[in-house]
Visitor: 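Once you've had a glance at the structure underneath, I'll fire off some questions.
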Amino acid sequence: VDEREESIVGAKPVITLTTDFGYKDAYVGAMKGVLLTRSPGSTLVDISHEIPPQDVFRAAWVLRDSVGYFPSGTIHVVVVDPGVGTTRDILVVEWGTQIVVAPDNGVLSLLLQEREDWRCFRLERSDLALASVSNTFHGRDLFAPVAAALASGVCAPEECGSICEPHQFEFPSAILGEGIVEGQILTVDGFGNLITNVDTGHVGSLEGPVKIQIEEHHIDRIVSTYGEAQPGELVALIGSSGWLEIAVVDGSAANKLALTKGTVILTES
Amino acid sequence: VDEREESIVGAKPVITLTTDFGYKDAYVGAMKGVLLTRSPGSTLVDISHEIPPQDVFRAAWVLRDSVGYFPSGTIHVVVVDPGVGTTRDILVVEWGTQIVVAPDNGVLSLLLQEREDWRCFRLERSDLALASVSNTFHGRDLFAPVAAALASGVCAPEECGSICEPHQFEFPSAILGEGIVEGQILTVDGFGNLITNVDTGHVGSLEGPVKIQIEEHHIDRIVSTYGEAQPGELVALIGSSGWLEIAVVDGSAANKLALTKGTVILTES
Amino acid sequence: VDEREESIVGAKPVITLTTDFGYKDAYVGAMKGVLLTRSPGSTLVDISHEIPPQDVFRAAWVLRDSVGYFPSGTIHVVVVDPGVGTTRDILVVEWGTQIVVAPDNGVLSLLLQEREDWRCFRLERSDLALASVSNTFHGRDLFAPVAAALASGVCAPEECGSICEPHQFEFPSAILGEGIVEGQILTVDGFGNLITNVDTGHVGSLEGPVKIQIEEHHIDRIVSTYGEAQPGELVALIGSSGWLEIAVVDGSAANKLALTKGTVILTES
């Protein structure tokens, strides 16, 4: 907490946004207006506004791969919120020295499974909201003003409401057998790389070089970089967050294999 | 004006951008470079760069739903400008305590119809432009340097040129009858929600619950939140800006109904 | 260098990003987190994250049309990097009073051909990287921390490594004949305008008005603005960076002509 307070005092706070709003509408602009009105001088950062609509798992994945890189005191606002307007809670989570504001729908599952030093509060302060709260745009009317209050030091997470247990989904882990790992495609990135739930530990558990099968496709090695293979070639490699990825060099594996889901099997070769 | 000056002195100014430039080209970057060169330290905010090309109505709609949320002293730059290079004027509009720079093509119509305390000036200061002005990119060569001059206090709106009457289009209002409201779809948002010109006042003018007909589709109630209906269900609800929307829960009404325009009729049930 | 140091001392530095990462993934967010952690208070500007995947020429084009508009002291980070993880160098280039960090794959060719006062250094400082460097995401692990070190004054370009000669591709110039110019489409912008390698000098070399032929299509004049022609009309005009463009008024020439490449011939009429 000391570290966070210092960063709030010393420099203007960073507030990030992660939503499924896209860039075609006024939604993102309205939220940024509220943030800058109520926390003047904040640095606003878009993590993504192109989470597929209502895709809570995808948002959780993007947050896990980005939040940890931000400085102490950063406030993250997450609005992927199919339950907007219902009785689902809004969470204010102290995560290390950063803070996350998000709907209680599991979107923080992967972040919360990354570390143990977090505390989760249920928002109970209606006084922090805009004067009029719509039923369909809590990002503007609730999340943004709460984030601004946190960023500008108007209130601390523990002053937002009472401790609660956030909803979490279980991570779909790969299954380890004797000389075999059975995983699956979890998500597809913008390059068309198929990202799996097989990680470096799983790969290391197999002896020596491995063979990979994904549906009817076979790959006979794991490369270190795209440059080890030819343009157009189907490869497997460990991606930048430690997961096994299926990729096509200078191309899209999702297009070439016509797969966005599928079972991935690794065996010792 | 006092409030604006104070905000310019006290904190670095906020400058927003709303264009139809998309994100694939150098256009947005060039404008931001000019803004930061001529108004160092400004906070730049993208409202949207994905206004459909030359779609003045859509830009007007997005501005109406976002500008009002920004702090005093904010400068808004609007470049949806099919008449670029012709004799159309460039407007500098004082709108409450904010300022908008835009082409005189009706794009400010909905903003100007929102409130009465505005003054509109025609840009007559060629000295504020870049040294060389192209015929096709006034966003970089004229709008951005003028916005930077306003943001950094080099000139006030009334010093940009003489008072003028901006072009405005008339808002296409819904028609009220006896126990019936006839409206239309005005725009479609990024979720595929069909946003109509029927507002809460129109709905309130009907006695009790209402039935909605949109082309051949029938909806028998207005819900308060998406959560009141089932995934995939067609619903009507009042959106976050007060307009009746036709939506599909966790889906896209535009896709399901294959409609982007159409007549919407409300009757007492 | 004086000018740059002054701007670093006087105002917080501007750091721009140009990548092919798109907006769907955590990649851009992770880079911004690293930048703000290691250079607190920096102003981050997206030039584009929608460079087509691995399209080095397109990135070079976008940089040439935007970098020059940024203030002294700006740091530009370019991550269009099909050779990530291979032995390709990372460059730190002093370009006038600005700095560019980019892979050594030709992506700076057009920028470097714009002016002569640049110096190019090969990154040799592994101490500037993140603690753990992946094989596939040098944007986060190397480019961003190096840019932050430059922005915050931790090191100067010449302290990043030794002078080197960057890879450059040759610009595909138009061919001048007697009363004829033979050019080609180089790139297509987001409006669908076909941008050619024919410039104002080429046009001026022809006597009087010109005729333009692009594949089987004929255009009989060069207009000054879109407003001189009718909506839907195919026109030629000099674009905002001085290149001859083939456009459709209020439409897309790329769609209408079904062309993204093609030979463009100008003759005296």
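First the proteins, then the strands, lettered A, B, ... as listed; each starts at 1.
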Visitor: Assess the side chains of A:E124 and A:S162: does a donor N or O sit below 3.5 Å from an acceptor N or O?
Guide: yes
Visitor: Would you say the side chain of B:E50 lies within less than 4.5 Å of the side chain of B:F21, judging by non-hydrogen atoms?
Guide: no
Visitor: Tell me, for A:L35 versus chain B, whether the close heavy atoms (under 4.5 Å) come from the side chain, the backbone, both or neither.
Guide: neither
Visitor: Between A:L36, A:T86, A:T43, A:V84, which residue shows the highest count of heavy-atom pairs closer than 4.5 Å to chain B?
Guide: A:L36
Visitor: Does any part of the side chain of A:I75, heavy atoms only, come nearer than 4.5 Å to the side chain of A:T16, both counted from C-beta?
Guide: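 Of all side-chain heavy-atom pairs linking A:I75 with A:T16, none is under 4.5 Å.
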Visitor: Is A:S134 in contact with chain B via its backbone, its side chain, both, or neither, using a 4.5 Å heavy-atom distance?
Guide: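 The side chain, not the backbone.
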Visitor: Identify which of A:K32, A:R88, A:M31 forms the greatest number of heavy-atom pairs closer than 4.5 Å to chain B.
Guide: A:K32
Visitor: Could you verify whether a donor N or O on one side chain and an acceptor N or O on the other, from B:D189 and A:Y27, lie under 3.5 Å apart?
Guide: yes
Visitor: Below 30° counts as parallel, above 60° as perpendicular, anything between as tilted: where do the rings of B:F70 and B:H76 land?
Guide: perpendicular
Visitor: Relative to chain B, which of A:G85, A:S42, A:A26 shows the most heavy atom pairs under 4.5 Å?
Guide: A:A26
Visitor: With chain A, which of B:Y23, B:F191, B:Y226 has the greatest number of heavy-atom pairs at distances under 4.5 Å?
Guide: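 Top count of heavy-atom pairs under 4.5 Å with chain A: B:F191.
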Visitor: Identify which part of B:R64 has an atom lying under 4.5 Å from any heavy atom of chain A, answering side chain, backbone, both or neither.
Guide: neither
Visitor: Any donor-acceptor pair under 3.5 Å linking the side-chain atoms of B:R38 with those of B:S152?
Guide: no
Visitor: Measuring heavy-atom distances to chain A, does B:L237 have an atom under 4.5 Å in its side chain, in its backbone, in both, or in neither?
Guide: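 Contact with chain A involves the side chain of B:L237 alone.
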Visitor: Parallel, tilted or perpendicular, judged at 30° and 60°: which one describes the rings of B:W61 and B:W243?
Guide: tilted
Visitor: Examine whether an atom of A:D46 lies under 4.5 Å from a heavy atom of chain B, and if so say whether it belongs to the side chain, the backbone or both; otherwise answer neither.
Guide: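 The answer is neither part of A:D46.
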Visitor: Flag the one option from A:V28, A:D20, A:L44 with the top tally of heavy-atom pairs under 4.5 Å to chain B.
Guide: A:D20
